[in-house]
*Asks:* 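Input: one structure, supplied below.
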Amino acid sequence: MFGHTGVLSLALPFLVGRVVGQTGIQLDVSSTDSIKSAAKSLAGGIVSFYNETLQKDLTLGLFPDPYYWWEAGIVFNALIGYSYLTGDSQYDSLISEALQHQIGDHDAFMPPNQTKTLGNDDQSSWGLAAMTAAEVGFPKPANLNWIDLVVNVWNTQAERIDYATCGGGLKWQIFTFNNGYNYKNSMSNGNFFLLSARLAKFTGNSTYTQYANQIYKWSNDIGLVSDFHVFDGADDKKNCSQVNHIQWTAAHGVYTEGAALMFNMTGAQNWTDTVNGFVNASSVFQATKDNPVIIETACENNGKCDVDQRAFKGIFARTMARAALAAPFASGTISKILSASAQGAVSVCTSGGKPSCSLSWADADSKWEQASASDGNLGEVYDALEVVQGLLYPSAKSLQTANGGGSSSSSSATQSGGASRSSGASSPQNTGAAGTIAVSLISVLVVAIAAMCSV
């Protein structure tokens with residue numbers, strides 16, 4: 001479950017000195033071989049930790065406490081990206097098994113054992129991982145299409161858009177009994193915006209485009225996005241009249257990539273301006289005007305990033321790298337940010353069988369803990385992997401679409417465009433689903449099952 005200051009306190013991490021006696025990861029950002037070598041070391045450290053946890057009878061696809069389920073989703077998304085970007089497929093079976101095991105009873109990444117912490121942003125983190133699998137042609141198991149899972153996630157979330165408060169938008173939490181149910185946050189709505197845009201690009205179905213436009217407009221209308229800055233969220237009990245103005249790299253990134261895809265599909269000037277606006281506004285996350293290395297502004301310098309927030313920069317790196325692909329006019333600025341950040345990241349990482357990384361990429365003397373994924377820094381190693389391998393997107397093979405020979409092109413959902421709403425609709429319709437959500441788990445699952453049956 002993504003934390004935010006309105007619900008989860010910012011925890012002060014245990015601060016220790018740098019690990020000594022280990023060799024730093026070497027990186028030449030102009031060398032593809034060097035980038036791949038650095039990425040291989042970081043990916044290997046994550047997989048090593050995952051394999052260790054499996055030996056302790058942990059469920060496939062999960063990491064142990066204190067890592068929430070959503071973080072496993074973004075990590076496996078990164079490993080799918082690693083396979084695609086580097087050509088190193090040694091972890092493909094492991095990744096595929098993890099995703100399959102977390103699908104849940106309704107084929108929409110809603111496993112029953114995650115009910116107590118399952119938010120819309122958590123579910124969409126796994127949905128975006130499946131979306132990546134579809135786009136890169138990741139090997140699919142028998143009788144399963146990655147894109148079908150994505151469509152199922154999208155359909156369940158489209159049904160949850162709550163028009164009864166704040167004029168629309170997704171709540172943070174899915175179930176009424178979870179803390180944060182009355183909070184509409186930028187991560188849930190930004191992920192839905194991005195998922196809609198990526199589905200629109202992959203399938204060509206205009207319904208997804210319509211919903212992407214809708215959720216982006218709503219985000220601006222309500223103030224979650226203002227002057228291209230993305231704020232944390234708002235209380236729907238107050239009709240979203242008071243916005244929490246904390247800014248996070250992850251939320252900024254997903255809106256940026258979504259906008260870049262909308263430009264890519266439409267070529268419209270408003271989306272050009274939007275992409276430029278988000279890229280320029282990302283300066284709030286840069287160390288200095290002359291040093292574009294990314295920092296988690298809200299908590300990094302004051303030492304208060306919690307476990308969740310220590311993984312946000314990886315999401316930012318991934319989404320910005322992909323935004324540069326979709327909107328080439330922004331690639332120059334984004335490339336400078338990612339190159340500087342990748343160099344900063346490896347400067348606070350050590351190599352070896354279990355690479356250790358620190359959170360701070362801009363301050364070599366930071367007292368943030370430098371540790372391996374196995375020793376408590378999964379988020380930090382993940383961040384470094386995403387920013388390093390993000391440098392490979394410009395030289396990678398093209399992402400696939402349903403009509404371009406994608407691995408899931410035989411899917412019935414892909415052929416029909418996937419969305420359960422009419423593709424000929426002039427605008428998204430109020431489904432009224434939010435008003436039907438009851439306090440009991442059973443009644444909530446009935447809504448989800450109904451949505452699934454319409455696919």
Side-chain angles (χ1 to χ4, degrees), residues 1-11 68-71 73-74 116-125 127-128 157-158 160-196 211-212 214-259 278 281-282 284-285 296-299 304-313 315-316 319 434 437:
M1 171 166 27
F2 285 103
H4 63 79
T5 57
V7 177
L8 296 179
S9 63
L10 296 174
Y68 283 114
W69 179 69
W70 77 272
E71 190 159 344
I74 64 170
K116 290 183 179 179
T117 60
L118 184 60
N120 280 302
D121 46 6
D122 306 280
Q123 181 193 21
S124 55
S125 292
L128 287 165
Q157 295 210 343
R160 294 188 199 118
I161 294 177
D162 171 33
Y163 298 91
T165 61
C166 310
L170 284 168
K171 293 173 177 286
W172 176 29
Q173 292 299 302
I174 295 172
F175 302 120
T176 60
F177 47 76
N178 282 341
N179 191 17
Y181 178 74
N182 294 110
Y183 195 74
K184 295 193 175 181
N185 67 331
S186 56
M187 204 66 213
S188 293
N189 287 283
N191 271 358
F192 184 74
F193 170 53
L194 178 55
L195 197 64
S196 298
Y211 271 77
Q214 180 208 57
I215 208 70
Y216 183 75
K217 181 179 185 301
W218 176 85
S219 297
N220 276 268
D221 289 346
I222 213 67
L224 291 188
V225 176
S226 180
D227 196 24
F228 307 112
H229 291 274
V230 181
F231 302 119
D232 187 72
D235 188 343
D236 66 15
K237 286 187 175 180
K238 299 179 181 178
N239 203 33
C240 298
S241 60
Q242 298 178 11
V243 175
N244 180 341
H245 282 90
I246 287 181
Q247 299 180 68
W248 303 107
T249 54
H252 193 96
V254 295
Y255 275 97
T256 304
E257 183 187 348
F278 279 130
S282 71
V284 73
F285 303 114
E296 196 62 62
T297 307
C299 63
K304 293 184 178 180
C305 296
D306 67 17
V307 171
D308 285 353
Q309 295 147 8
R310 282 154 52 192
F312 285 177
K313 289 196 290 187
I315 298 173
F316 179 86
T319 50
I437 299 179

*Asks:* Assess the residue pair Ser282 and Phe316 against the criterion (side chain to side chain contact (heavy atoms under 4.5 Å, CB included)); give the C-alpha distance rounded to whole Å, side-chain angles, the decisive distance to 0.1 Å, and a yes or no.
*Replies:* CA-CA 10 Å; Ser282 71; Phe316 179 86; 4.1 Å; yes

*Asks:* Considering all heavy atoms of both residues, which atom of Ser186 and which atom of Val230 are nearest to each other, and what is their separation?
*Replies:*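 In this case the closest contact between Ser186 and Val230 is CB-CG1, 3.6 Å.
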
*Asks:* With a 4.5 Å heavy-atom cut-off, do Leu170 and Ile161 have their side chains touching?
*Replies:*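 Yes, their side chains come closer than 4.5 Å.
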
*Asks:* Is there side-chain contact between Cys299 and Trp248, with at least one heavy-atom pair below 4.5 Å?
*Replies:*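 Answer yes - side chains close enough.
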
*Asks:* Does the side chain of Asp121 reach to within under 4.5 Å of the side chain of Trp172, using non-hydrogen atoms?
*Replies:*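 Yes, close enough: below the 4.5 Å cut-off.
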
*Asks:* What distance separates Ile215 CD1 from Asn191 CG, expressed to the nearest 0.5 Å?
*Replies:*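 Spacing of CD1 (Ile215) from CG (Asn191) equals 11.5 Å.
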
*Asks:* Can you classify the ring geometry of Tyr255 versus Phe278 as parallel (below 30°), tilted (30 to 60°) or perpendicular (above 60°)?
*Replies:*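 Tilted: the ring planes of Tyr255 and Phe278 meet at 30° to 60°.
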
*Asks:* If we count only N and O atoms by modelled type, under 3.5 Å, do the side chains of Gln247 and His229 hold a donor and an acceptor together?
*Replies:*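 A pair is found: one side chain offers a donor N or O, the other an acceptor, under 3.5 Å apart.
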
*Asks:* Do Gln309 and Glu296 have a side chain donor and acceptor closer than 3.5 Å?
*Replies:*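 There is no such pair between these side chains.
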
*Asks:* Can you name the closest pair of heavy atoms from Ile246 and Ala298 and give their distance?
*Replies:*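 Shortest heavy-atom contact: CG2-CB, 3.8 Å.
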
*Asks:* What are the two closest non-hydrogen atoms of Ser188 and Asn120, and how far apart are they?
*Replies:*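 In terms of heavy atoms, the two residues are closest at OG-CB, 3.7 Å.
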
*Asks:* Within this structure, what is the CZ-CD distance for the pair Arg160 and Gln173, rounded to the nearest 0.5 Å?
*Replies:*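 Nearest 0.5 Å value for the CZ-CD distance: 10.5 Å.
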
*Asks:* In terms of ring plane angle, is the pair Tyr211 and Phe192 parallel, tilted or perpendicular, where the classes change at 30° and 60°?
*Replies:*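 The arrangement is perpendicular - the two ring planes meet at more than 60°.
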
*Asks:* Could you tell me if the side chain of Thr249 sits less than 4.5 Å from the side chain of Ile315, heavy atoms only?
*Replies:*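 Not in contact.
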
*Asks:* Quick one, Lys184 with Trp218, criterion side chain to side chain contact (heavy atoms under 4.5 Å, CB included). Give me CA distance, side-chain angles, the key distance, then yes/no.
*Replies:* CA-CA 11 Å; Lys184 295 193 175 181; Trp218 176 85; 3.9 Å; yes

*Asks:* For the OG1 atom of Thr176 and the NZ atom of Lys171, what is their distance to the nearest 0.5 Å?
*Replies:*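 Between Thr176 OG1 and Lys171 NZ, I get 9.5 Å after rounding to 0.5 Å.
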
*Asks:* For the residue pair Phe228 and His252, what are the closest heavy atoms and their distance?
*Replies:*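 Scanning both residues completely, I find the closest heavy atoms to be O-CE1, 3.3 Å.
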
*Asks:* For Ile222 and Cys240, which heavy atoms make the closest approach, and how far apart are they?
*Replies:*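 Taking Ile222 first and Cys240 second, the nearest heavy atoms are CG1-CB, 3.4 Å.
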
*Asks:* Can you tell me how far CG of Asp236 sits from CG of Asn185, rounded to the nearest 0.5 angstrom?
*Replies:*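 The CG atom of Asn185 sits 11.0 Å away from the CG atom of Asp236.
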
*Asks:* Looking only at non-hydrogen atoms, find the nearest pair between Tyr183 and Asn244 and report the distance.
*Replies:*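 That closest heavy-atom pairing would be OH-CB, 3.4 Å.
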
*Asks:* Working to the nearest 0.5 Å, report the span between OG1 of Thr117 and CD1 of Ile174.
*Replies:*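 The CD1 atom of Ile174 is 10.0 Å from OG1 of Thr117, to the nearest 0.5 Å.
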
*Asks:* Between Thr319 and Glu257 (side chain of the first, backbone of the second, donor and acceptor by atom type, cut-off under 3.5 Å), is there such a pair?
*Replies:*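 Checking the backbone N and O of Glu257 against the side chain of Thr319, no donor-acceptor pair under 3.5 Å is found.
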
*Asks:* State the OH-NZ distance between Tyr68 and Lys116, to the nearest 0.5 angstrom.
*Replies:*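 Rounded to the nearest 0.5 Å, the OH-NZ separation comes to 12.0 Å.
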
*Asks:* With a 3.5 Å cut-off and no angle check, do the side chains of Asp308 and Trp70 form a donor-acceptor pair?
*Replies:*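 Yes, because at least one side-chain N or O of Asp308 sits under 3.5 Å from a partner of the opposite role on Trp70.
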
